[in-house]
Every structure is written in C-alpha cells, then in structure tokens.
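So the structure is just underneath, and the comments pick up after that.
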Amino acid sequence: DGSGTLELEELASVFREGLEPNISTEEVARIYSAWRDGESDSVTLRVFIAIMAMFIKRHEKDWQLLQAMQAVFDSQWCTDTSTVSYRELAERCPGLSETQ
C-alpha cells in the first residue's frame, strides 16, 4: 500500500505469490506475530528481510536440488512439482548406478 511496512494480509500475499503458494494463513500469522516490531500491526523492511533470510535458509537444500535438476535436464521445466523416473535420470547421467 506504499506505507513502507507490511501488514498481515500483505505478508501473506508475498508468500503466496512469490514463495510458497500453499502456505496456510495460520503459518503466516505465526511468522507475522513472531517477527513484528513490538505493538505495531505491521513489519518493517528490516524485519521483512530477516523473515526472508530465515525462509531462504530453511529451504536452501530444496533450492540447490532444484538447481541441480535444472542443470542435469538443461531445462526450466523442473519445478517443485515435477517428477522424474530413474530411467530418465540414468539417460541424462550415464555414470549413475542404482546403488548411488
């Protein structure tokens, strides 16, 4: 809304539109309550950056795996909902064995 802070609904929108479409209202409310400044009904830019840093750190391994799959398949089709069979993976990585 141009205020320089995020209210609960705005924070939920940021998560759902850019980070975690399936995040529950309750989880956003918990994050919001834990991080907001004092008695304020909003979070500042500083607090928002801290929330994003925590979220990114929590999902760092998922991000690295997604990046690796995109590199192996030389494609942007790999998303958090994509599936791949062992056969497809073995075709792209000939040195891969079932025991690795």
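In this chain, residues are counted from 1 in sequence order.
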Side chain to side chain donor-acceptor pair (under 3.5 Å) partners of Thr25, counting only residues at least two apart: Arg16
The side chain to side chain donor-acceptor pair (under 3.5 Å) partners of Glu91 (sequence neighbours excluded) come to Arg87
Hey, does Val43 have a side-chain heavy atom less than 4.5 Å from the side chain of Thr5? no
Check side chain to side chain contact (heavy atoms under 4.5 Å, CB included) between Glu9 and all other residues, then give those that pass, not counting sequence neighbours. Glu7
Can you list everything that forms a ring pair (Phe, Tyr, Trp, His ring centres under 6.0 Å) with Phe15? Sequence neighbours excluded, please. Phe55
Taking side chain to side chain contact (heavy atoms under 4.5 Å, CB included) as the test, write out the residues that go with Glu17, two or more places apart. Ser13
Test: salt bridge (charged side-chain N to carboxylate O under 4.0 Å, His left out). Region: residues 48-67. Which pairs qualify, not counting sequence neighbours? Glu27-Arg58, Lys57-Glu60
Once you round to the nearest 0.5 Å, how far does CD1 of Ile51 lie from CZ of Arg46? 10.5 Å
By side chain to side chain donor-acceptor pair (under 3.5 Å), Arg30 pairs with (sequence neighbours left out) none
Rounded to the nearest 0.5 Å, what separation is found between the OH atom of Tyr32 and the CG atom of Leu11? 8.0 Å
Count I, L, V, M, F, W, Y as connected when their side-chain heavy atoms are under 4.5 Å apart, and connections chain through other members. Are Ile56 and Val47 then in the same cluster? no
